[in-house]
Number of protein chains: 2
Amino acid sequence: MSSKRTVPSARRSGAAASAELRERILSATRELLRERCFDTLSVSDILTAAKVSRASFYFYFPSKQAVLAELVREAVTQGQQAAEPWTGGRQDPAAALRAGVTDGARLWRANAGVLMAIVESWGSDDDLRALWLEQMDLFTEAAVARIRSDPEALRHLGDADVRAVAASLTWLGERLYYLAAAGVPPFDDEQVLIDVLTNAWTSLLYGR
Amino acid sequence: MSSKRTVPSARRSGAAASAELRERILSATRELLRERCFDTLSVSDILTAAKVSRASFYFYFPSKQAVLAELVREAVTQGQQAAEPWTGGRQDPAAALRAGVTDGARLWRANAGVLMAIVESWGSDDDLRALWLEQMDLFTEAAVARIRSDPEALRHLGDADVRAVAASLTWLGERLYYLAAAGVPPFDDEQVLIDVLTNAWTSLLYGR
DNA sequence: GATATGTCCAGACAGTGTGTATGGTCCTTG
DNA sequence: CAAGGACCATACACACTGTCTGGACATATC
């Protein structure tokens with residue numbers, strides 16, 4: 001908890017990989033989350049899947065929540081640079097919006113297990129909560145910047161609270177992507193998902 | 001599990017209450033959920049709070065999830081009859097929308113603990129999942145009926161998927177009410193919450 | 001009033017999970 | 001060869017769940 005632990009450097013089989021076990025734990029968990037939900041996943045399950053001892057696990061991570069946090073950070077940073085062109089946004093607004101929504105769907109499809117896990121768990125773990133709220137805040141902030149640089153959207157929004165509108169669109173996305181990943185109709189149909197989310201953005205920002 | 005148990009009828013202290021213990025369990029849990037979150041709540045906590053033995057608890061409920069399910073049913077049916085005038089909707093559409101959103105906020109304020117609990121838990125329990133999806137479906141269906149009987153909304157929606165739009169508004173509400181109850185800004189400010197939700201409904205249905 | 005019936009409690013139990021601690025093995029480096 | 005770091009197997013204390021005893025006590029029946 002309080003003492004910073006050193007990352008192991010010298011590995012058994014030569015100079016190959018430092019912290020290889022750590023990596024094994026991460027990818028085993030990522031893999032397990034493809035099929036099982038996070039809270040029915042025990043540390044023992046991860047241990048056997050990653051072929052790692054209990055002691056080693058708790059050397060690298062303080063809990064399984066910390067593993068999830070790391071996986072989420074990976075997935076989200078990977079997604080942020082994917083959504084970067086969206087933030088710049090020089091093209092046609094509506095097309096850019098749809099492209100951004102589609103990117104989000106791709107990100108969620110690629111990391112469904114991890115992202116479903118945190119959406120289901122951030123309510124009951126302080127670290128995960130802080131992490132997820134921060135991510136949603138980053139997305140919201142990006143949306144705010146985008147709106148502020150868009151005269152037409154600004155005009156349509158009038159004196160409405162820009163950040164609140166941006167936040168609600170962010171959270172609408174969070175919920176709808178989750179439902180899609182969970183197979184809840186009608187959002188399990190990716191075309192419906194993208195259409196309805198794009199429609200929400202354009203309706204709220206431009207009145208269609 | 002499979003055998004249906006009979007509800008106890010003859011009580012110790014006269015003809016007072018049948019299934020009094022059951023009631024005690026329900027209200028103790030409801031009370032505990034006001035301060036603690038559902039998954040850190042153990043059955044033992046409920047036992048001591050309700051002054052009920054472990055055996056009695058498992059006589060009336062198969063699990064603590066079942067207790068939550070019952071509490072949710074209570075809260076939601078109570079909320080459905082509150083939202084009934086909204087479904088009828090003869091008044092000015094925008095005002096009716098705002099009134100409905102405000103009713104939702106009131107319902108969530110009155111039952112924050114229980115509703116937060118199920119929102120956090122329906123992902124990890126089959127019964128709770130079925131219950132919550134059914135409730136969201138009921139709300140969605142009511143919204144669909146309301147939209148179908150509103151020529152202006154129908155005209156504005158064009159060939160969009162009415163049920164998908166209604167569902168996304170329902171789920172947006174679910175998420176935003178939850179965030180408000182969880183104290184996440186900017187939705188912790190009830191005025192912001194109501195404004196942004198009302199705005200979403202009117203924007204999506206009428207283009208403002 | 002004796003006997004059953006049903007409600008309830010106290011407590012023990014096995015099973016499973018978490019996080020920590022102990023001791024030992026194997027490899028690398030000085 | 002000796003020292004130390006990386007790792008493993010194992011066992012532990014603790015908490016929680018759901019089941020199962022035995023017994024206390026009130027009511028109903030004879």
Tell me: [atom1] of [X] to [atom2] of [N], nearest whole Å?
| X | N | atom1 | atom2 | answer |
| --- | --- | --- | --- | --- |
| A:E20 | D:dG5 | CD | P | 20 Å |
| B:L21 | D:dA26 | CG | C1' | 14 Å |
| A:K51 | D:dA9 | NZ | C1' | 17 Å |
| A:F59 | D:dA6 | CZ | C1' | 8 Å |
| B:L68 | D:dT17 | CG | C1' | 17 Å |

Counting only pairs under 3.5 Å, give me each side-chain donor-acceptor contact of residues 50-57 of chain B, with atom names and distances, residues two or more places apart or in other chains.
from: B:S53; atom 1: OG; to: B:A55; atom 2: N; distance (Å): 3.4
from: B:S53; atom 1: OG; to: B:S56; atom 2: N; distance (Å): 3.1
from: B:S53; atom 1: OG; to: B:S56; atom 2: OG; distance (Å): 3.0

Taking N or O atoms only and anything under 3.5 Å, show me the protein contacts with nucleotides 15-19 of chain C, one pair per line.
from: C:dT18; atom 1: OP1; to: A:V43; atom 2: N; distance (Å): 3.2
from: C:dT18; atom 1: OP2; to: A:V43; atom 2: N; distance (Å): 3.1
from: C:dG19; atom 1: OP2; to: A:Y58; atom 2: OH; distance (Å): 2.8
from: C:dG19; atom 1: N7; to: A:R54; atom 2: NH1; distance (Å): 2.7

Extract all donor-acceptor atom pairs below 3.5 Å that involve side chains of residues 174-183 of chain B and protein atoms in other chains or at least two apart in sequence.
from: B:E174; atom 1: OE1; to: A:R175; atom 2: NH1; distance (Å): 3.0
from: B:E174; atom 1: OE2; to: A:R175; atom 2: NH1; distance (Å): 3.3
from: B:E174; atom 1: OE2; to: B:W132; atom 2: NE1; distance (Å): 2.8
from: B:R175; atom 1: NH1; to: A:E174; atom 2: OE1; distance (Å): 3.0
from: B:R175; atom 1: NH1; to: A:E174; atom 2: OE2; distance (Å): 3.2
from: B:Y177; atom 1: OH; to: B:V101; atom 2: O; distance (Å): 2.7
from: B:Y178; atom 1: OH; to: B:E120; atom 2: OE2; distance (Å): 2.7

A:T40 side chain vs A:R36 backbone, donor-acceptor pair below 3.5 Å: no
Side-chain donor or acceptor of A:D45 paired with backbone N/O of A:S42 under 3.5 Å: yes
Short side-chain N/O contact from B:Y60 to OP1 or OP2 of C:dT7, under 4.0 Å: no
Residue-phosphate contact under 4.0 Å: B:S53 side-chain N/O, C:dA10 OP1/OP2: no
Gap between atom CG of A:L26 and atom CZ of A:F61 - 0.5 Å precision: 4.0 Å
Cationic N near anionic O, under 4.0 Å, B:R129 to B:D125: no
